[in-house]
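When a residue number appears, it is its place in the shown sequence, counting from 1. Worth knowing before you read on, the calculation uses all heavy atoms, side chains too, and leaves out hydrogens, waters and symmetry mates. Predicted, not measured: the structure shown is a model, and the values here were computed from it.
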Amino acid sequence: MLSAPLFAGAAQAGDTEFNARYTVRLAILPLTFATGNLKATIPEKGRYTVDFSATGTGFKMSGKSAGVVQANMLWPVSSAMDTSDSEETRKIRLALSRGRVRQETVTPPIPYRPDRIPITQEHRKNVIDPISALFMPVISKNGPAEPSNCDRNLPIFEGTERFDIKMSYLRIEMVKTDKGYAGPAVVCRATYKAISGHRPKSSVQFMEQNRTIEAWLAPVEGTNMLAPWRVSMSTKVGTLILQATEFKTAAAETSGSTAAPTKQADARAVAPAVSETGTPR
C-alpha cells in the first residue's frame, strides 16, 4: 500500500495559485467535446500541489501530484491518477524520490500481452510524473518568450508506460485568454517516443510518426514556470485542439494553520537526478 501524501496543510505566504480551464475540439467543428481544469499551488521554494480533472463524451479523468520546488524544478513525491470510460476504470498511484519511482500500484493491472515492451527498473529512474510535467521551468535567462525554452526532453513515467516528449522551437505567437493571460507564448514542436509499457503494433506507431504536435507554452505569472496554453495535433479524424479559456494566477490565501513538509521528504525529493531541461543527467 502506498503511504499518504507527504505534504499537507494550507498554502504558505508567497505561494502562487494557478487556475486554468481548457476546451477540447476538432478544428473542423465548432463543438466542444471535452473540458478540463488545472489548478496548482506553486511556491518559489517548498511544497507544491497540482490538481487536474477532465470530462468528455464517455470518459472522466482526474489526478493530483505533490512534491517540492527546489533549484527551479518540480520534484514529485506522490502522484495519483484516476480514469474511467465505458469499458473500464483504472487507478494509478506513484511514490517517487529523487526522480525515481519507489512504489507504484495500477488497479486493475494492465492485461498481459506477449508483445508488450516490459518496464524495467532503469525505466523508473530519472523520470517525472505526467501531472508535474505540465509545469516546465523557464530555461532562458532572457525570459519565457525565448526559443531556448523549447529545448527540453520530458522523461515521463505514467504508471503503465514510460515515454519521452522531446520539444524543439517553432515560433512565437501572441495569445489572449478569455480570463487571464494575454501576451507571447513560445510554440514548440513536441515529438513522442515510446520507451516501454506499450505494444509496438498499436496507436503508438501513429504517435511516434506524428510531426504535427504543437505545444504553446505561456508563463505562469508570479513563478518561473511555463504551462501549456494550447496543444494541437493531427489525428485520423482531424486536427485536435486543446486551448485555454482561463489562464490566471493569484497570490495564495493563507491560514493560521499550516503543515510544513518533512525534512526527510525535502532531502530525498530534490536530488539532481534530472537537469533543468528535463533531460536525465
Residues in salt bridge (charged side-chain N to carboxylate O under 4.0 Å, His left out) with R171, at least two apart? E173, E214
Only one of H123, R116, R162 forms a side chain to side chain donor-acceptor pair (under 3.5 Å) with S196, so which one is it? H123
Hey, do the aromatic rings of F135 and Y48 have their centres closer than 6.0 Å? no
Partner residues of T89 under the side-chain contact (heavy atoms from CB on, under 4.5 Å) criterion, sequence neighbours left out: S84
Could you tell me if the side chain of L74 sits less than 4.5 Å from the side chain of M225, heavy atoms only? yes
Reported CD-to-CD1 distance for the pair E104 and I92, which is rounded to 0.5 angstrom: 9.5 Å
Can a donor-acceptor pair be found between the side chains of Q243 and T245 at a distance below 3.5 Å? no
Keeping to residues at least two apart or across chains, list the ring-ring contact (aromatic ring centres under 6.0 Å, His included) pairs with something in residues 81-120. none
Can T83 and F59 be said to form a side chain to side chain contact (heavy atoms under 4.5 Å, CB included), step by step? CA-CA 7 Å; T83 61; F59 79 92; over 6 Å; no
Taking all heavy atoms of M136 and all of L134, pick out the closest pair and write down the distance. CE-O, 3.8 Å
Verify, without hydrogens or angle tests, whether D129 (side chain) and G159 (backbone) share a donor-acceptor contact under 3.5 angstrom. no
Spacing of CE belonging to M61 relative to OG1 belonging to T55, to within rounding of 0.5 Å: 11.0 Å
Measuring only between side-chain heavy atoms, which start at C-beta, is K248 closer than 4.5 Å to T177? no
Please check this pair: side chain of T249 against backbone of E221, looking for a donor-acceptor N/O pair closer than 3.5 Å. yes
When clusters are formed by joining ILVMFWY residues with side-chain heavy atoms under 4.5 Å apart, either directly or through shared neighbours, do M174 and V231 land in the same one? no
Within this structure, what is the OG1-CD distance for the pair T223 and E17, rounded to the nearest 0.5 Å? 12.0 Å
Heavy-atom nearest pair, Q205 first then P200, reads CG-O, 3.0 Å
Over all atoms of both residues, closest heavy-atom pair of E44 and V69: O-CG1, 3.5 Å
What residues, two or more places apart in sequence or in another chain, satisfy side-chain contact (heavy atoms from CB on, under 4.5 Å) together with K45? Q70
Are L170 and V175 in one and the same hydrophobic cluster, where Ile, Leu, Val, Met, Phe, Trp and Tyr link if side-chain heavy atoms are under 4.5 Å apart? yes
Counting N and O atoms only, with roles assigned by atom type, does the side chain of R93 sit under 3.5 Å from a partner on the main chain of T107, one being a donor and the other an acceptor? no
Output all residues satisfying side-chain contact (heavy atoms from CB on, under 4.5 Å) with E88, sequence neighbours left out; order by chain, then residue number. D85, R90
Those residues at least two apart in sequence (or on a different chain) that pass ring-ring contact (aromatic ring centres under 6.0 Å, His included) with F163 are Y192
Any donor-acceptor pair under 3.5 Å linking the side chain of D82 with the backbone of S62? no
Could you state whether W216 and I172 fall into the same hydrophobic cluster, counting links through intermediate Ile, Leu, Val, Met, Phe, Trp or Tyr residues with side-chain heavy atoms under 4.5 angstrom apart? yes
What residues form a salt bridge (charged side-chain N to carboxylate O under 4.0 Å, His left out) with R189, not counting sequence neighbours? none
Are Y169 and M167 linked, directly or through intermediate hydrophobic residues, by side-chain heavy-atom contacts shorter than 4.5 Å (ILVMFWY only)? yes
For the residue pair S65 and S132, confirm or rule out a side-chain donor-acceptor distance under 3.5 Å. yes
What pairs with E146 under salt bridge (charged side-chain N to carboxylate O under 4.0 Å, His left out), at least two apart in sequence or on another chain? none
Minimum heavy-atom distance between C150 and V186, given as atom pair plus value: SG-CG2, 3.4 Å
Sequence neighbours left out, cut at 3.5 Å: what donor-acceptor pairs do the side chains of residues 20-28 make with other protein atoms?
residue, atom, partner, partner atom, Å
R21, NE, E246, OE1, 3.4
R21, NH1, N37, OD1, 2.8
Y22, OH, P228, O, 2.6

One should read off an interatomic distance between D15 CG and I42 CD1, to the nearest 0.5 angstrom, of 9.5 Å
Where is the tightest heavy-atom contact between N149 and L217, given as atom of each residue plus distance? O-CD1, 4.5 Å
How about L226 and V138: do any of their side-chain heavy atoms sit closer than 4.5 Å? yes
Considering only residues two or more places apart or on different chains, which pairs with a residue in residues 28-42 satisfy salt bridge (charged side-chain N to carboxylate O under 4.0 Å, His left out)? none
Single-linkage hydrophobic cluster, 4.5 Å side-chain cutoff, L242 and M233 together: yes
Do L96 and V101 come within less than 4.5 Å of each other through their side chains, counting heavy atoms only? yes
Using modelled atom types only, decide if a donor and an acceptor are shared between the side chain of N224 and the backbone of P137 within a distance under 3.5 Å. no
For D115, which residues count as a salt bridge (charged side-chain N to carboxylate O under 4.0 Å, His left out) partner, sequence neighbours excluded? R199
Distance (rounded to the nearest 0.5 Å) between L154 CG and R152 CZ: 7.0 Å
So how far is it from S78 OG to K64 NZ, rounded to the nearest 0.5 Å? 8.0 Å
When you look at Q103 and T105, which way does the side chain to side chain donor-acceptor pair (under 3.5 Å) test go after all the steps? CA-CA 7 Å; Q103 197 172 4; T105 60; over 6 Å; no
Taking all non-hydrogen atoms of both residues into account, name the closest pair between I131 and A80 and its distance. CD1-O, 3.5 Å
Are any non-hydrogen side-chain atoms of I156 and I128 less than 4.5 angstrom apart? yes
List in chain and number order the residues that pass side-chain contact (heavy atoms from CB on, under 4.5 Å) with F206, two or more places apart in sequence or in another chain; answer none if no residue qualifies. N210, K236
